[in-house]
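Let me begin by presenting the structure, written as structure tokens, before commenting on it.
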Amino acid sequence: MTSKIGSTVLGYPRIGPNRELKRALESYWSSRSSAAELREVARRLRVDTWRSLRDAGLDSVPGNTFSFYDHVLDAAVTFGAIPARYTDLGLSSLDTYFAMARGVESTPPLEMTKWFDTNYHYLVPEIGPDTRFSLADRTALEQYREAAEHGVTTRPVLVGPLTLLLLSKSAAGAAESFRPLDKLTELLDVYAELLGELRREGVAWVQLDEPAFAADRSPAELAALRAAYRRLGDLPERPNLLVAGYFGDLGEALEVLASCPVEALGVDLVAGSSTADALSPVRGLRDKTLVAGLVDGRNIWRTDLDKALATAATLLGAAGELAVSTSCSLLHVPHDVAAEANIDPQVKSWLAFAEQKVREVVVLGRALREGRDAVAEELAAARAAVADRATADRVHNHRVRARLQALRPTATQREPYAERRAAQRKSLRLPPLPTTTIGSFPQTADVRKARAALRSGRLDRATYQQRMRDEIERVIRLQEELGLDLLVHGEPERNDMVQYFAENLDGFASTDNGWVQSYGSRCVRPPILFGDVSRPKAITVEWATFAQRLTEKPVKGMLTGPVTILAWSFVRDDQALAETAKQVALAIRDEVSDLETAGIRVIQVDEPALRELLPLRAVRHEQYLAWAVAAFRLATCGVAESTQIHTHLCYSEFGEVINAIVALDADVTSIEAARSRMEVLDDLNAVGFGRDVGPGVYDIHSPRVPEPAEVANLLRAALEAVPAQRLWVNPDCGLKTRGYAEVERALANMVAATAEVRRSLR
Ligand code: GLN
Ligand code: ZN
């Protein structure tokens, strides 16, 4: 058994090459299969993964990367942080786990939120002063054994103790001053116990992930990091420790960790900028292994292996030993490029998914150990692909660049707001407290079937179009019956708000099987933005104008904003994101303009991901927000003053982005608010937001139908903060995941509540 890390990856996709885990989970949840059957699918996926990683030639194979739902939940369960309301259900351990993840009738699930700046969601553990940690689950150990039985030696991966506590929230009832981090010492006792057991089992290395330190951390948190790893490092009986920090630079945490008695540090050399200059002066690194994250774990491009080796060469003197790895877990990329039959062959030759990235790491490892000649062929192939991509015609569109060059500063400015407001009132003639929705209506099985049939060629375009038109007509009639004021067409033709646009823009490719886990069994297939973006022809105009012809009431055009399109795609890495954003914005601007010309008077450009792309470090916020706002404005500022621009944001905690929301200069902004009881309005007032606002009056994530009185109360609360002339009435988000029965009742109650509150205005 080698004790060197050599070449490795920090983690691997666990959903299965054909989403086997998704199917097995959903079948178990709907009682179509047994726990034993689910466990068997899981076991097979693990064994296949271990074997393929070993056979690919990795020197160190990560273990414990499988999860039935989420690795943060796994860590909470391992260390016994299970809130009593779940253990009280008296379920099996597997069903208790799923109750925490998904909830049961009587008990909602744990809160879910984004894993750093990725599109993966984790479950937020709850830690209180009374949380009693214990080694409640030994999956890490059992899976080490399981792999060993199949002849594979693994390196168990665990969420590190600091990251676990920093991502947790205080349990309900904890004192205001309590922080989960207060429990660090107690938690470390159990980490120590587990490390001891792993060592006795023969485990050589354990990986502890501490990505929380790629974000800004207080001196107290850095001190806690130091204390924790001194303590774990000083344990008399433990495996070697690899502490991995990823999604950016470790900043001050790098020096802290380098001074601790751990054997290896993993650094992200893709998202972070640490190079030899930053790493060489770090004392303490000299007697450690530096696990250099040279292969991008979050994007799908083939690695420039020459460049990676050049970077590696600069690091040789900085550390005692150099190992190569991915920048982060491969959880964030699809399984295998080979499974793609429909991507253009040239574009395909530029791509590397998880399987391909493993091989890249192996090649880099061999080049470092045996010299470049040993892998000359692989290096040449990579070089050719990288060169081809850099010069390919389909990547570079001179017309797009020329158009951006020629833009005047006025392209991101509109007339003064007062003038716009007057012109829009005259054009739209909406009642006070106008009612509307966020865009999508329930996606029925019929609608989905029709889309799939069109894709597979079983349905011709004309029939498909007729089906969609029928659906749009149904949605328009329903909204008229309900008495809504500003209507939508319902978005039946869209599979997903980003993918739909990507499929209709030049510069994007779509995958057939490029699934990435978003949470639990939910997977997404992010489009691949590979080249300069442009819009060959109008995308949404036919649907919007069809809807508008059916009714006297105004119909909103619905578009996805440039920042959100970038956030939910794999983006090119050969130019600044700000530049790519401009190109996407220009394409959306063309669509806005065509909608306006076609007589659509209100256009909504959704930016639910504006906050999601916010860099982890505060020093980078300003720059990001400047280009993000500029992109939105480029997309939306090309219209006449009488055209009303809406935007929609999917969160209620604005924090650092609140000034950017003001700067978007949208005429109307709809936001999530029901769960926070309209508190967001005070936040907006505090920064002088003076535009129309539609705080969501009910939570569409829950199947609950709100009573009219409840909605009316929320509206009255909103009116405390916002004058009636500026207040809109709408749900929190789109309705596409809900069923018609509940949507009809919920919207009817929303309209009834609005009518009641309107009467009291007079
Ligand atoms: N217009 C989109 C919809 O209603 C917005 C979705 C979102 O905000 N995530 O579905
Ligand atoms: Zn939303």
Side-chain angles (χ1 to χ4, degrees), residues 112-114 119 121 435-444 447-448 451 468 471-472 475-476 478-479 484 486-502 518-519 522 524 526 539-540 543-544 547 555-569 588 591-592 595 600 602-613 632 635-636 645-654 657 661 664 666 668-676 680 693-702 728-740 742-743 746-747 750:
M112 190 165 68
T113 192
K114 297 241 167 202
N119 231 327
H121 302 69
T435 53
T436 191
T437 59
I438 305 305
S440 58
F441 268 69
Q443 291 236 335
T444 59
V447 163
R448 264 178 251 183
R451 267 205 321 265
M468 293 300 124
E471 180 68 18
I472 290 170
V475 170
I476 292 286
L478 172 63
Q479 294 172 90
L484 288 157
L486 175 58
L487 311 193
V488 297
H489 79 287
E491 306 179 20
E493 78 288 6
R494 302 185 191 178
N495 38 13
D496 167 275
M497 66 186 289
V498 167
Q499 198 179 335
Y500 176 71
F501 287 93
S518 173
Y519 61 89
R522 261 291 282 266
V524 294
I539 303 169
T540 65
W543 308 116
V555 172
K556 258 195 291 195
M558 279 299 150
L559 304 174
T560 303
V563 179
T564 300
I565 290 181
L566 293 192
W568 296 347
S569 300
I588 299 298
E591 187 70 13
V592 167
L595 282 169
I600 301 298
V602 182
I603 300 166
Q604 179 171 310
V605 177
D606 294 329
E607 284 291 20
L610 180 69
R611 200 182 72 165
E612 185 178 315
L613 273 197
F632 180 86
T636 54
I645 296 290
H646 289 218
T647 191
H648 166 69
L649 308 170
C650 259
Y651 41 84
S652 56
E653 283 149 27
F654 294 131
V657 302
I661 290 168
L664 293 179
V668 183
T669 302
S670 65
I671 45 173
E672 193 177 312
R675 279 183 288 188
S676 69
V680 289
V693 59
V697 293
Y698 82 89
D699 176 12
I700 64 95
H701 297 97
S702 148
W728 288 65
V729 182
N730 46 258
D732 261 346
C733 194
L735 305 168
K736 86 186 226 195
T737 56
R738 304 261 62 109
Y740 264 106
E742 68 191 73
V743 160
L747 291 179
M750 183 181 96

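Everything numeric here is computed off the predicted structure, so don't read it as measured data. Both counts, for ligands and for their atoms, begin at 1 and track the order of listing.
Counting only heavy atoms from C-beta outward, the side chains of H646 and V605 never approach each other to under 4.5 Å. Within the 4.5 Å cutoff, side-chain heavy atoms of L559 are placed close to those of F501.
In this structure, the side chain of S440 engages the main chain of L735 through a donor-acceptor pair within 3.5 Å.
Using a 4.0 Å heavy-atom criterion, the residues that approach ligand 1 are I438, G439, S440, E491, M497, D606, P608, H648, C650, C733, G734.
Evaluation of the side chain to side chain donor-acceptor pair (under 3.5 Å) rule for Q499 yields E503 as partners, not counting sequence neighbours. Under the side-chain contact (heavy atoms from CB on, under 4.5 Å) criterion, A567 pairs with A609, E612, L613, not counting sequence neighbours.
Rounding to the nearest 0.5 Å gives a distance of 5.5 Å between OG1 of T435 and CE of M750. For the atom pair CG of L649 and OG of S670, the computed distance is 7.0 Å after rounding to the nearest 0.5 Å.
For the Zn ion (ligand 2), the count of nearby protein N, O or S atoms, meaning those under 2.8 Å away, is 3.
Across R448, K736, M468, a single residue satisfies side-chain contact (heavy atoms from CB on, under 4.5 Å) together with P492, and that is M468.
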Any chance you could lay out the side-chain hydrogen bond (donor to acceptor under 3.5 Å, both in side chains) test for T647 and E607, step after step, and finish with the verdict? CA-CA 7 Å; T647 191; E607 284 291 20; over 6 Å; no
